[in-house]
Amino acid sequence: MSNYHIKHLEEYYQVYRKSIQNPDIFWEEIAEEHFVWRKRWNTVLEWDFSKPEIKWFKGAQLNITENCIDRHLRTRGSKTALLFEPNNPDESTQHITYNQLYKRVNQFANVLKDQGIKKGDRVCIYLPMIPELAIATLACARIGAIHSVVFAGFSATALATRINDSDCKLVITADGSYRGAKTIDLKTIVDDALKHTPCVKNVLVVKRIGSSINMQTNRDKWLQPLLDNALTECEPEIMNAEDPLFILYTSGSTGTPKGMVHTTAGYMVYTAFTFKNAFQYQENDVYWCTADIGWITGHSYIVYGPLANGATTVLYEGVPNYPDWGRFWKIIEKHKITQFYTAPTAIRALAKENLKHVEKHDLSSLKILGSVGEPINEEAWHWYDTNIGKKKCPIIDTWWQTETGGIMISPIPYATPTKPTYATLPFPGIQPVLMDENGNEIKGNQVDGRLCIKFPWPSMARTIWNNHQRYRETYFTAYKNNYFTGDGALRDEVGYYRITGRVDDVIIVSGHNLGTAPIEDAINLHPAIAESAIVGFPHDIKGNALYGYVILKETGTNRNHDNLRKEINQIITEHIGPIAKLDKIQFTSGLPKTRSGKIMRRILRKIASSEFDTLGDTSTLLNPEVVQEIITNVL
Ligand code: PRX
């Protein structure tokens with residue numbers, strides 16, 4: 001029996017039991033058999049959730065790019081590693097083989113060194129979904145620089161905050177990006193951000209759209225000429241198992257974004273292991289994940305997990321509806337995609353369109369369908385199953401988080417019987433528990449509670465950059481000796497998990513994690529606004545949309561409300577990005593508050609969702625009268 005590749009349910013249970021009863025032996029066998037190490041570990045796991053301190057494979061040395069690239073060259077050198085499908089369907093696809101990837105990553109790594117980047121330096125990558133994005137992340141990893149990829153839909157302010165938080169020395173960007181029929185001036189956004197980032201010394205610019213841009217002398221350089229002059233060999237930096245590999249920012253329920261720090265060895269082992277099993281990857285498969293590398297899904301399941309398994313991984317630059325709503329299906333047919341991994345929000349948007357877009361295409365290459373990022377509703381699940389999988393492809397509903405680094409709860413295709421809307425069973429090594437509000441574990445089945453994980457797994461984030469205290473408070477204090485996920489979940493009669501959604505002030509909109517506090521902070525900068533509160537409400541495509549309750553200052557009361565709404569969304573776009581725009585904005589004279597002044601978001605959420613009958617007792621509020629006013633004017 002191989003622990004590394006599970007093929008049926010009985011085997012899953014055996015492997016799972018072993019992983020729980022003897023985690024050290026379990027992970028050691030996987031690490032030994034499937035990866036290249038420069039030095040072996042002294043201990044498999046050392047941990048203490050009270051600090052919290054987690055160390056996997058302590059004492060080991062390695063370079064993740066040797067595992068993702070070099071070791072495949074002998075057997076898979078001419079196999080396609082990255083398959084790039086451009087935004088414009090008339091532009092040709094690029095097949096980048098493992099041999100070519102090796103050269104390009106090494107050249108890029110040498111360019112980074114020439115820019116003075118050394119092990120441990122932070123490099124911010126702000127690029128569209130083009131091959132250079134994957135290559136730049138791998139080039140950082142090659143030389144031990146810590147990459148911080150920022151999704152290229154974030155605004156200049158959001159980018160600057162992230163650059164400053166981790167003190168990035170270098171930014172890698174492009175002149176612009178294609179998004180359907182539009183182009184976006186990425187370099188202009190970077191220029192705006194860099195007015196506020198004294199730590200940045202240099203900017204490398206990829207030429208993608210050929211627009212004329214401002215290049216600041218001594219700071220900005222075109223990448224291509226530097227690559228052309230770079231050597232194609234760059235010795236990999238030898239990293240310690242627990243050296244940081246990357247920082248990736250995620251929203252918190254309060255304050256600034258959290259720079260989640262992922263380290264090298266555990267992240268590699270776990271993403272490779274989960275990729276192999278969740279997608280049952282076989283040598284000639286062509287795997288496509290539609291996420292952006294700017295999110296954790298792209299890091300783990302476009303770049304590191306697939307490449308560590310020598311897979312062919314597709315990078316798609318564009319959007320689902322360009323040039324029409326058949327684009328995804330066309331790509332599946334064109335490249336004979338075998339595994340397709342996308343988000344419920346995309347499935348819902350695609351399901352609204354005429355089925356002819358699907359029916360035109362031959363999807364018979366598909367073997368496995370995946371879903372990630374938010375709960376998948378039953379209707380979307382069945383549409384996906386019937387129309388895309390033709391009822392022949394298992395759907396893996398994969399639950400995980402930026403913080404977890406890899407898939408935590410998911411069916412293993414062909415092994416775990418699927419059940420619509422259920423993420424089903426934990427991956428080997430993962431020990432989920434449900435907690436009640438008093439911090440006691442809820443045992444047994446057919447129960448619901450708050451989802452925690454009680455034992456470490458190799459790819460968990462080790463800290464928040466520069467803020468270990470916040471890491472501890474956010475994840476390890478609510479439930480003693482447990483990692484708290486922030487999600488609610490239920491466990492059914494056979495022990496399957498269904499994730500019911502966030503129980504904190506994070507709202508998942510179109511699969512993007514948005515904290516309410518940063519949006520409120522942005523809105524409150526408007527001179528006419530006194531206070532605001534954001535909640536989520538159900539939306540048939542986005543899953544959730546944002547509803548803002550806004551109190552105007554005296555000076556704002558005579559302003560035209562529609563104009564104010566536009567200005568509010570403009571401020572949000574500038575400070576965070578268009579993904580955080582509000583769908584509905586209600587002006588109100590007050591917000592329901594407790595006597596200690598805390599906004600009662602639960603009441604606001606119910607009103608925004610038209611659940612007026614279950615508001616509960618409002619009489620103990622500081623200002624109960626405002627509830628009726630809000631209900632009367634609800635949008
Ligand atoms: O609420 C859960 C939801 O997305 C959150 C994590 O968001 P993020 O860190 O951006 O990572 C998304 C990609 C891994 C979780 O706390 N979530 C993610 N996957 C699922 C999900 N909710 C339900 N079902 C899922 N399959």
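Keep in mind that this is a model prediction, so the values were computed, not measured. Remember, it's 1-based here, ligands and their atoms both numbered in the order they're listed.
- Short contacts between ligand 1 and W400, defined as distances under 4.0 Å to a heavy atom of the residue, involve ligand atoms 6 (C), 14 (C), 15 (C), 18 (C), 19 (N).
- Of the candidates L514, T421, T402, T402 brings a heavy atom nearest to atom 11 (O) of ligand 1.
- Those atoms of ligand 1 that come under 4.0 Å of a heavy atom in V372, given as number and element, are 13 (C), 14 (C).
- Under the 3.5 Å distance criterion, with hydrogens and angles disregarded, a donor-acceptor pair is assigned to the side chains of Y249 and S166.
- No side-chain donor-acceptor contact under 3.5 Å links N440 to the backbone of D436.
- If you check which protein heavy atom lies closest to atom 1 (O) of ligand 1, you get D487 OD1, 2.7 Å.
- The shortest contact between atom 5 (C) of ligand 1 and any protein heavy atom is with I508 CD1, 3.6 Å.
- F154 carries R162 over the face of its six-membered ring, with the cationic atom under 6.0 Å from the centre and within 45° of the normal.
- Checking only distances, T485 never comes within under 3.5 Å of ligand 1, N or O to N or O.
- Between the side chains of R348 and N377, at least one donor N or O sits under 3.5 Å from an acceptor N or O.
- Considering only non-hydrogen protein atoms, atom 7 (O) of ligand 1 sits nearest to N513 ND2, 3.1 Å.
- For the residue pair Y414 / Q280, no side-chain donor-acceptor distance below 3.5 Å is found, with atom types taken as modelled.
- Test W457, F273, F35, F455 against W27 for ring-ring contact (aromatic ring centres under 6.0 Å, His included) and you get one pass: F273.
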*CA sep, side-chain torsions, deciding dist, call: I337, L366, side chain to side chain contact (heavy atoms under 4.5 Å, CB included)*: CA-CA 6 Å; I337 302 291; L366 286 171; 4.2 Å; yes
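- Listed by atom number, the atoms of ligand 1 under 4.0 Å from D397 heavy atoms are 24 (N), 25 (C), 26 (N).
- Under the 3.5 Å distance criterion, the side-chain polar atoms of Y316 are matched with a main-chain donor or acceptor of V319.
- Which parts of ligand 1 touch T398 is read off a 4.0 Å heavy-atom cut-off, strictly below it: atoms 19 (N), 20 (C), 25 (C), 26 (N).
- When only modelled atom types and interatomic distance are considered, S300 and T271 share no side-chain donor-acceptor pair under 3.5 Å.
- Near I499, meaning under 4.0 Å from any of its heavy atoms, are these atoms of ligand 1: 22 (N), 23 (C).
- The nearest protein atom to atom 13 (C) of ligand 1, hydrogens excluded, is given as T297 OG1, 3.4 Å; this is a heavy-atom distance.
- When only non-hydrogen protein atoms are considered, atom 25 (C) of ligand 1 lies nearest to E374 O, 3.5 Å.
- Nearest to atom 4 (O) of ligand 1 by heavy atom, out of A423, G501, P375, G373, is G373.
- For G486, the heavy-atom gap to ligand 1 stays at 4.0 angstrom or more.
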